[in-house]
Amino acid sequence: MEASNRRRWIGIVASVAAASVLAVGGWWLYQRQHTVTAPALAADPGQPFAAIECKPRLFDDQPALAVVFTQPVDGRQKLDDLIRVTDLGPVAPGPKPAAASQPEGKIVQGAWVIGDNPRVAYFPAIQPQRRFKVEVLPNLLSQDGAKLAEGKTCELTSEAMPASFYFASRGVVLPAGQNGGLPVVTVNVPEVDLQFLRVEPQAMPRFLERVAGVRRAASDGADTEEGGEGDEGGYEGGYGNGRRLKGLVGGWELDQLRASTTSVYLGRFSTEQSPNKRRVNFIPVEGIKELQEPGVYIAVMNQPGRFAYDYQVTYFYVTDIGLQAHRYSRNLDAFATSLKAGTALSGVSFELLDENARSLAKADGDSEGHARFDSVPGGATLLVARRSHGGNAEMSTLVLRE
């Protein structure tokens, strides 16, 4: 029991499942944070069943119309016969005409669906920047079988999704040979410019300590709350994220990397074009010759022809080495596993470095991908695993202070 209490797990960067999820985890999180949802209000059993309001919303990353109710809606009924949508035409420039003078337009064919919040019905896949009339008929039923107290008619305008682009993850290990590329999310942006900086070997420990190490206290000047990847937070958000090099980062922060990085590739990449819809595009980093040298790369992205004060930033490295460490009071066990196959990797060398990239200890892994350091120097900051395989060298890293 005493030995168990002394044992300290310091991190796992291994497993096929984790590697697969990592590339899309930031993308899913962004969707959850940026998709507008209905107010999270509990239904009042004593409140009559009624339609509260109509709102333009997003559903499955596309413009949609939404009707919010006071009680959960019975999704088993044929909603398309009970909620009617009429297209009143495109948004006209200038003052909006009076409701009485608007043309009736045409009935829109589609399908109403109930969202995660059962009090909200969505009409998805509508055209952006058009005016619509929504008519809710009084025969609509709640889950408890109650009918609407009265019907509701409202008019609203669908919104155009603003142009945006961002990386789908905040610092990522790309499994070699199966990653598909560096994931980039775009909305109404047909192409992006990407510059790749390679972190110099001597700067690696400080870099990883900065972006992946233990959070510093707020009094230390570090960011206490990371902004979203699609955040337009300007200088404050940029400087905060600059400490981690994730998401929106200010140009001044990036300029401080000149002494520790080398620009190795600059290119323009076309993205999949689907108007007013978020798309995930994979930049084929493994096929770019300049990015095949083992190491950590910083990707800096901006929109062609735009000169902003901030850039979308992430960092990554491509490897098949899944690295895991078990640290005890005095010693450390290191394990290397294939991210492709999930099996132990032989021929891996392990090294402990201090914050100035000085080597403190080395150990060779056995056929089971295991190596032991009988003592861990107090200044050890970084565990590095390296392997030469098929004429290619690869590496993986783990910050010991995480």
Side-chain angles (χ1 to χ4, degrees), residues 19-37 56-66 110-111 113 115-116 122-130 157-175 177-196 227-233 237 241 246-249 265-288 291 297-306 308 310-316 318:
S20 300
V21 170
L22 188 56
V24 298
W27 159 233
W28 177 88
L29 179 62
Y30 183 88
Q31 291 187 67
R32 298 296 294 180
Q33 291 177 339
H34 289 72
T35 297
V36 181
T37 56
R57 297 284 172 87
L58 294 181
F59 187 84
D60 285 344
D61 304 309
Q62 298 183 71
L65 307 178
V113 295
D116 292 337
Y122 291 94
F123 192 81
I126 61 171
Q127 294 186 36
Q129 294 186 299
R130 296 185 71 85
T157 300
S158 59
E159 299 176 342
M161 296 179 67
S164 63
F165 55 96
Y166 52 92
F167 291 104
S169 57
R170 300 182 172 190
V172 61
V173 177
L174 299 179
Q178 62 175 12
N179 61 74
L182 185 65
V184 171
V185 181
T186 59
V187 180
N188 294 331
V189 175
E191 54 187 5
V192 292
D193 284 344
L194 276 164
Q195 182 172 182
F196 294 91
E229 287 157 310
D231 188 13
E232 300 295 338
N241 288 342
K246 306 167 186 177
L248 198 63
V249 177
Y265 187 80
L266 175 65
R268 180 165 296 177
F269 299 88
S270 297
T271 61
E272 186 175 350
Q273 298 186 43
S274 295
N276 295 293
K277 183 176 177 61
R278 291 193 183 105
R279 307 295 300 188
V280 181
N281 307 270
F282 292 90
I283 307 302
V285 293
E286 281 195 270
I288 299 175
L291 305 182
Y297 294 86
I298 301 170
V300 181
M301 179 169 58
N302 66 293
Q303 189 175 359
R306 299 294 301 273
D310 327 277
Y311 299 84
Q312 289 292 337
V313 178
T314 191
Y315 63 91
F316 69 94
V318 179

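No hydrogens, no waters, no symmetry mates; every other heavy atom, side chains included, goes into these values.
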Colleague: Between Y297 and L291, is a side chain to side chain contact (heavy atoms under 4.5 Å, CB included) present by the stated rule, with each step listed?
Modeller: CA-CA 8 Å; Y297 294 86; L291 305 182; 3.8 Å; yes
Colleague: Does the side chain to side chain contact (heavy atoms under 4.5 Å, CB included) test come out yes or no for F167 and L194, once each step is laid out?
Modeller: CA-CA 11 Å; F167 291 104; L194 276 164; 3.6 Å; yes
Colleague: Within the 4.5 Å heavy-atom criterion, are E286 and L174 side-chain neighbours or not?
Modeller: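 The answer is no, as the side chains (C-beta and beyond) never meet within the 4.5 Å cut-off.
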Colleague: Which heavy atom of Q303 sits nearest a heavy atom of E191, and at what distance?
Modeller: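 Looking at all heavy atoms of both residues, the closest pair is CG-O, 4.5 Å.
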Colleague: Are the side chains of F165 and N281 in contact, using a 4.5 Å heavy-atom criterion?
Modeller: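 Sidechains of F165 and N281: no contact.
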Colleague: Does the T271 side chain pair with the main chain of V189, one donor and one acceptor, at a distance under 3.5 Å?
Modeller: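 The answer is yes, because a donor-acceptor pair under 3.5 Å joins these two groups.
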Colleague: If we only count heavy atoms from C-beta on, is the F269 to M301 side-chain gap below 4.5 Å?
Modeller: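 Not touching, per the 4.5 Å side-chain cut-off.
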Colleague: Less than 4.5 Å apart, any side-chain heavy atom of Q312 and any of L248?
Modeller: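 Counting from C-beta outward, Q312 and L248 do come under 4.5 Å.
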Colleague: To the closest 0.5 Å, what do you measure between CG (L182) and CZ (F282)?
Modeller: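 Answer for the CG-CZ pair, L182 versus F282, is 9.5 Å.
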Colleague: Which of these passes side chain to side chain contact (heavy atoms under 4.5 Å, CB included) with R278: D60, V187, T186, N188?
Modeller: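 Considering D60, V187, T186, N188, a side chain to side chain contact (heavy atoms under 4.5 Å, CB included) with R278 is found only for V187.
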Colleague: Under a 4.5 Å cut-off applied to non-hydrogen side-chain atoms, are V285 and F196 in contact?
Modeller: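 When only atoms from C-beta onward are counted, F196 and V285 do touch, with a gap below 4.5 Å.
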Colleague: What heavy-atom pair brings A64 and P124 nearest, and what distance separates the two atoms?
Modeller: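 Looking at all heavy atoms of both residues, the shortest contact is CB-CA, 3.6 Å.
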Colleague: Under the 3.5 angstrom rule, does the side chain of S158 hit a backbone N or O of R130 as a donor-acceptor pair?
Modeller: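 Checked: pair present.
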Colleague: Is a side-chain N or O of N302 found less than 3.5 angstrom from the main chain of Y311, in a donor-acceptor match?
Modeller: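 Answer holds: no.
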